[in-house]
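Following: one structure in structure tokens, then a few remarks.
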Amino acid sequence: MDVFFRGSGGGLGDFLCNYASMKALSLDHNKDFYLYGWTGFINWNEHNHYIKRDTTGWPELFKETFRFVENIKPEHKNYIMVDLPYEPLSEMEFGDGPIHINGFPFSNGYFAHRLLDIKDSMNMPNALNCVFEKGDVVLNTRRGEYPGAHTEFIDLCYTDYYLNALKELNPKRVFLTSDDLSWTQQWFNHTLKPHFPQIEVSIYQDNPIRQFEFMMKAPNLIICQSQFSRWSAILNNNNVLSPYKWYSTLDVNVRSNNLSHWNTIKYV
């Protein structure tokens, strides 16, 4: 049987990346695809121990729920393991039979050309009645394990990225979203509020699906370099501001995370 399959891990953003890349590869190469193990999503806690995530509502984002299975199907056991780079090669050939996809095929190069197909296969979240005004801004930060996760990670909160993004918009109202809202609110009031005394600052806190929808519907969305943030922007039909550089030394053109129509913000 010609099929791609891949194990799933991480958070909602990684879940969406896995689905998008496998969906696009299956269309490009005329193969079926499955994601297995999605109920075992994990995350590191502050003591570097694994904890299980709440995945409530995640599969309901997709019309093809049969793509998500607990384990590799018996008929797929005799597979070939293929490691894919972050950015796709100019030409990729896959043989017949089951192919286990390994690596991190998360860049736009894998799925941007199939984005309409991917969106058509999704049930866009629509539980919130978001009453936004045209100039409203939703600003997202990622804390958790990120600041000390890896030397390649850039902590945007200690650059002028958010300052430059807000200067582009000069909003009257900003909504903060984060995995650490207490820290983010203090940081915003100390670092950014003095530059924009007119801004009315609110916070939005809910479960991941609702927060994701809130960001997805924002009239102006300032994202950070997390896959959760990135995918809320990919599905956002309004104005997205994103960092032009996501990593310390890896070239932005090699790791392409921004869509071409986004407003990329330079920073130091």
Side-chain angles (χ1 to χ4, degrees), residues 11-13 43-48 130-208 210-234 236 238-252 255 257-259 262-268:
L12 179 56
N43 189 31
W44 292 104
N45 67 10
E46 66 272 20
H47 303 295
N48 287 330
C130 301
V131 184
F132 285 119
E133 296 178 4
K134 185 177 179 180
D136 286 348
V137 172
V138 174
L139 183 154
N140 182 241
T141 71
R142 169 72 183 266
R143 307 309 299 164
E145 79 281 12
Y146 256 37
H150 195 279
T151 55
E152 280 295 326
F153 177 75
I154 299 171
D155 192 340
L156 294 172
C157 294
Y158 291 98
T159 72
D160 58 2
Y161 164 68
Y162 288 105
L163 176 64
N164 294 340
L166 287 173
K167 284 180 178 178
E168 290 272 337
L169 299 169
N170 194 28
K172 293 182 179 179
R173 189 163 63 163
V174 169
F175 296 89
L176 305 178
T177 61
S178 178
D179 59 341
D180 190 341
L181 275 170
S182 177
W183 185 95
T184 299
Q185 189 173 28
Q186 292 181 40
W187 160 80
F188 186 96
N189 288 336
H190 177 74
T191 306
L192 296 175
K193 193 67 164 68
H195 296 276
F196 306 95
Q198 82 284 2
I199 288 182
E200 174 189 337
V201 183
S202 301
I203 63 173
Y204 182 83
Q205 186 170 21
D206 210 325
N207 66 45
R210 299 286 80 81
Q211 181 180 319
F212 185 83
E213 180 184 349
F214 187 78
M215 293 166 62
M216 190 188 82
K217 292 181 175 179
N220 301 280
L221 176 62
I222 303 174
I223 69 170
C224 62
Q225 71 281 52
S226 81
Q227 299 303 334
F228 180 90
S229 198
R230 177 186 174 214
W231 271 93
S232 69
I234 289 173
N236 183 299
N238 301 312
N239 185 33
V240 172
L241 290 79
S242 62
Y244 84 103
K245 186 176 182 181
W246 284 50
Y247 301 94
S248 295
T249 60
L250 294 171
D251 191 281
V252 67
R255 288 181 174 249
N257 291 283
N258 297 318
L259 293 183
W262 293 353
N263 183 5
T264 55
I265 302 299
K266 292 191 175 183
Y267 61 89
V268 294

Under the side-chain contact (heavy atoms from CB on, under 4.5 Å) rule, collect the residues that match up with Thr264, sequence neighbours excluded. Ser242, Tyr244, Asn258

Say you draw a straight line from OH of Tyr161 to CD1 of Ile265; how long is it, rounded to the nearest 0.5 Å? 6.5 Å

Quick check on side chain to side chain contact (heavy atoms under 4.5 Å, CB included): which of Leu163, Leu156, Asp155 does Thr159 satisfy it with? Leu156

Full working for side-chain contact (heavy atoms from CB on, under 4.5 Å) between Phe196 and Lys167: CA-CA 9 Å; Phe196 306 95; Lys167 284 180 178 178; 3.9 Å; yes

Is a side-chain donor or acceptor of Gln211 paired with a backbone partner of Tyr204 at a separation under 3.5 angstrom? no

Minimal heavy-atom distance between Gln227 and Asn257, with the atoms involved, is NE2-OD1, 4.0 Å

Between the CZ atom in Phe228 and the CE atom in Met215, the distance rounded to the nearest 0.5 Å is 5.5 Å

Go through the structure and list residues passing side-chain contact (heavy atoms from CB on, under 4.5 Å) with Gln205, not counting sequence neighbours. Leu181

Residue list, side-chain contact (heavy atoms from CB on, under 4.5 Å) with Gln185, at least two apart or on another chain: Leu176, Asn189, Ile203

Could you work out, with side-chain hydrogen bond (donor to acceptor under 3.5 Å, both in side chains) as the rule, every residue matching Asn236, not counting sequence neighbours? none

Derivation of the side-chain contact (heavy atoms from CB on, under 4.5 Å) call for Ile222 and Leu169: CA-CA 10 Å; Ile222 303 174; Leu169 299 169; 4.2 Å; yes

For Leu241 and Ala165, work out which heavy atoms get closest and say how close. CD2-O, 3.6 Å

Shortest non-hydrogen pair, Asn238 vs Pro219, comes out as CB-O, 3.2 Å

Distance flag, aromatic centroids of Phe153 and Tyr247, threshold under 6.0 Å: no

Please name all residues satisfying ring pair (Phe, Tyr, Trp, His ring centres under 6.0 Å) with Phe175, sequence neighbours left out, ordered by chain then number. Phe132, Phe214

Do any pairs count as a salt bridge (charged side-chain N to carboxylate O under 4.0 Å, His left out) and have a residue in residues 183-208, sequence neighbours left out, and if so which ones? none

If a pair satisfies salt bridge (charged side-chain N to carboxylate O under 4.0 Å, His left out) and one of its residues is in residues 212-226, list it, with sequence neighbours excluded. Arg210-Glu213, Glu213-Lys217

Between Asn164 and Tyr267 (side chain of the first, backbone of the second, donor and acceptor by atom type, cut-off under 3.5 Å), is there such a pair? no

Decide if atom NE2 of His195 counts as having more than 12 heavy atoms of other residues, nucleotides or ligands within a radius under 6.0 Å. yes

Do Ile154 and Trp246 come close enough that some side-chain heavy atom pair is under 4.5 Å? no

Does some side-chain heavy atom of Val174 sit less than 4.5 Å from a side-chain heavy atom of Val138? no

What residues form a side-chain hydrogen bond (donor to acceptor under 3.5 Å, both in side chains) with Asn140, not counting sequence neighbours? Thr177, Ser229

If the condition is side-chain contact (heavy atoms from CB on, under 4.5 Å), which residues does Thr141 pass it with, not counting sequence neighbours? Leu139, Arg143, Cys157, Tyr162, Ser178, Thr184, Trp187

Under the side-chain contact (heavy atoms from CB on, under 4.5 Å) criterion, do Leu221 and Asn239 qualify, and how do the steps go? CA-CA 6 Å; Leu221 176 62; Asn239 185 33; over 6 Å; no

How far apart are the C-alpha atoms of Arg142 and Asp179, what are their side-chain angles, what is the distance that settles it, and do they pass the side-chain contact (heavy atoms from CB on, under 4.5 Å) test? CA-CA 6 Å; Arg142 169 72 183 266; Asp179 59 341; 3.6 Å; yes

Ring pair (Phe, Tyr, Trp, His ring centres under 6.0 Å) partners of Trp262, counting only residues at least two apart: none

Interatomic spacing from CG in Asp136 to CG in Asn220 - rounded to 0.5 Å: 8.0 Å

Tell me, please, which residues at least two apart from Gln198 pass side-chain hydrogen bond (donor to acceptor under 3.5 Å, both in side chains). Asn170

Would you compute the distance between atom CE of Met216 and atom CD1 of Ile234 and round it to the nearest 0.5 angstrom? 12.5 Å

